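Take a look at the structure below.
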Amino acid sequence: MRIMDTKFVRGFIKMADDGFQQGWHEANGGNLSYRLTPNEAESIQNRLSDHDPWKPIGTSVPGLAGEYFLVTGSGKYFRNIIVDPEASLCIVEIDDKGENYRVRWGLVEGGRPTSELPAHLMNHEVKKRTTNDQHRVIYHAHTTNIIALTFVLPLEDKIFTRELWESATECPVLFPKGVGVVPWMVPGGRAIAVETSKRMEYHDVVIWAHHGMFCSGSTFDLTFGLMHAVEKSAEILLKVLAVRPDKLQTITVENFRDLAKDFHVTLSEEYLYEK
Ligand code: 2HA
Ligand code: ZN
C-alpha cells in the first residue's frame with residue numbers, strides 16, 4: 001500500500017495542520033508521533049527502505065522493541081507538513097532491544113526524527129503498558145495560554161488541575177486524572193523525558209513550564225481534542241485572572257461531585273480540596 005494513502009498518515013497530517021492552524025507551532029516548534037498497529041506496519045512493509053543505519057535513541061525503551069512510529073522530523077516546520085509530508089515526516093523502526101532506531105521512510109531531503117524522540121518514546125512505552133496497548137498518539141505543542149499560565153500559577157499538579165477543571169465544565173470529564181507539571185528543564189534530552197514519562201504513568205496531560213504541553217491518547221481526534229480543551233481552559237482562566245483574580249463564583253467541589261456522578265468519572269479527592 002502507498003504510504004501516503006494510508007489512513008494513519010492522512011490522520012497524522014490533518015492533526016499536524018490543525019495544530020499549526022491553532023498557532024501552536026511557530027518555527028520548528030512542537031512534534032507528533034504515532035505508534036503503528038501491527039496491521040499498519042505489515043501493510044507498508046514493501047514500501048520501506050532498509051538503507052538507513054541503526055542509531056542510538058539516547059534512552060532505553062525495551063517495551064517498544066520492534067515497534068514502528070510515524071514521527072515529525074527535527075527542525076521541520078509543522079506548517080510545511082501538509083505541503084510536503086515526505087520531507088517533513090519519517091517512519092522509524094525500533095530494534096529488538098529498544099536501544100536503537102532506524103529511519104525506514106520519509107525525510108527525503110535528509111534530517112532525523114524529532115529532537116524530542118526520547119520523550120516521545122518513553123511516553124509511548126509508559127502508555128502502551130498502562131493503557132493495555134490503547135494509546136498510540138503522543139503530541140507536543142507550544143500552546144500559548146498554558147505557557148502563559150506557567151508564569152502565574154505555582155508549578156503544582158494539584159493547583160493546575162483544579163484551576164483548569166474550574167475554567168470549563170467538560171475539563172474534569174476529559175482529563176479526570178488531572179495534569180502533571182514539569183518545572184523548566186533543558187528540552188531535547190533524556191532527563192526531561194524521564195520527568196515527563198514519570199507523570200505519564202498517571203496523567204494523559206503533562207505541562208512543561210515556560211515551554212508547552214504533552215498529551216497522550218488512543219486516536220488523533222481524542223489526543224488533539226484533549227490538547228485543545230486544556231489550552232482553551234487556560235485561555236478562559238487567563239481572561240478571568242486578568243479581569244477579576246478573585247473570582248466572583250466558580251464550579252464548586254459539590255458541583256464536581258455531581259458532575260462525576262452523572263458522567264461516570266472518578267475524580268481524585270486530591271484535587272477536590274477546600275480553598
Ligand atoms: O523544536 O518543540 O521541544 C521542537 C520542540 C522542542
Ligand atoms: Zn517544544
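Both backbone and side-chain heavy atoms feed into the values below; hydrogens, waters and symmetry mates do not. Note that ligands are numbered from 1 as they come in the structure, with each ligand's atoms numbered from 1 the same way. One-based numbering along the sequence shown. Please read all numbers here as calculations on a predicted model, not as lab measurements.
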Parallel, tilted or perpendicular: rings of Phe69 and His124 (30°, 60°): tilted
Specify whether Phe214 and Trp208 have parallel, tilted or perpendicular ring planes, treating 30° as the upper limit for parallel and 60° as the lower limit for perpendicular. tilted
Pairs where residues 242-262 contributes a residue and the test ring pair (Phe, Tyr, Trp, His ring centres under 6.0 Å) is met, not counting sequence neighbours: Trp165-Phe256
Hey, does Asn31 have a side-chain heavy atom less than 4.5 Å from the side chain of His120? yes
Please determine which of Lys177, Lys127, Arg129 meets the salt bridge (Lys or Arg N to Asp or Glu O under 4.0 Å) test together with Glu201. Arg129
Closer than 2.8 Å to the Zn ion (ligand 2), what protein N/O/S atoms do you find? His140 NE2, His142 NE2, His211 NE2
For ligand 1, output the ligand-protein N/O contacts shorter than 3.5 angstrom; if there are none, return none.
{"unit_1": "ligand 1", "atom_1": "1 (O)", "unit_2": "Asn28", "atom_2": "O", "d": "3.1"}
{"unit_1": "ligand 1", "atom_1": "2 (O)", "unit_2": "Gly30", "atom_2": "N", "d": "2.9"}
{"unit_1": "ligand 1", "atom_1": "2 (O)", "unit_2": "His140", "atom_2": "NE2", "d": "3.3"}
{"unit_1": "ligand 1", "atom_1": "2 (O)", "unit_2": "His142", "atom_2": "NE2", "d": "2.9"}
{"unit_1": "ligand 1", "atom_1": "3 (O)", "unit_2": "Glu116", "atom_2": "OE2", "d": "2.5"}
{"unit_1": "ligand 1", "atom_1": "3 (O)", "unit_2": "His140", "atom_2": "NE2", "d": "3.3"}
{"unit_1": "ligand 1", "atom_1": "3 (O)", "unit_2": "His211", "atom_2": "NE2", "d": "3.0"}

Looking at the rings of Phe20 and His25, which for Trp means the six-membered one, are their centres under 6.0 Å apart? no
About how many Å separate CD1 of Ile236 and NZ of Lys232, when rounded to the nearest 0.5 Å? 5.5 Å
Distance-only donor-acceptor pairs under 3.5 Å for side chains of residues 216-225, two or more places apart:
{"unit_1": "Ser216", "atom_1": "OG", "unit_2": "His135", "atom_2": "ND1", "d": "2.7"}
{"unit_1": "Thr219", "atom_1": "OG1", "unit_2": "Leu222", "atom_2": "N", "d": "3.0"}
{"unit_1": "Thr223", "atom_1": "OG1", "unit_2": "Gly217", "atom_2": "N", "d": "3.4"}
{"unit_1": "Thr223", "atom_1": "OG1", "unit_2": "Thr219", "atom_2": "O", "d": "2.7"}

Hey, does the Lys NZ or Arg CZ of Lys158 hover above the aromatic six-ring of Tyr273, less than 6.0 Å from the centre and inside 45° of the axis? yes
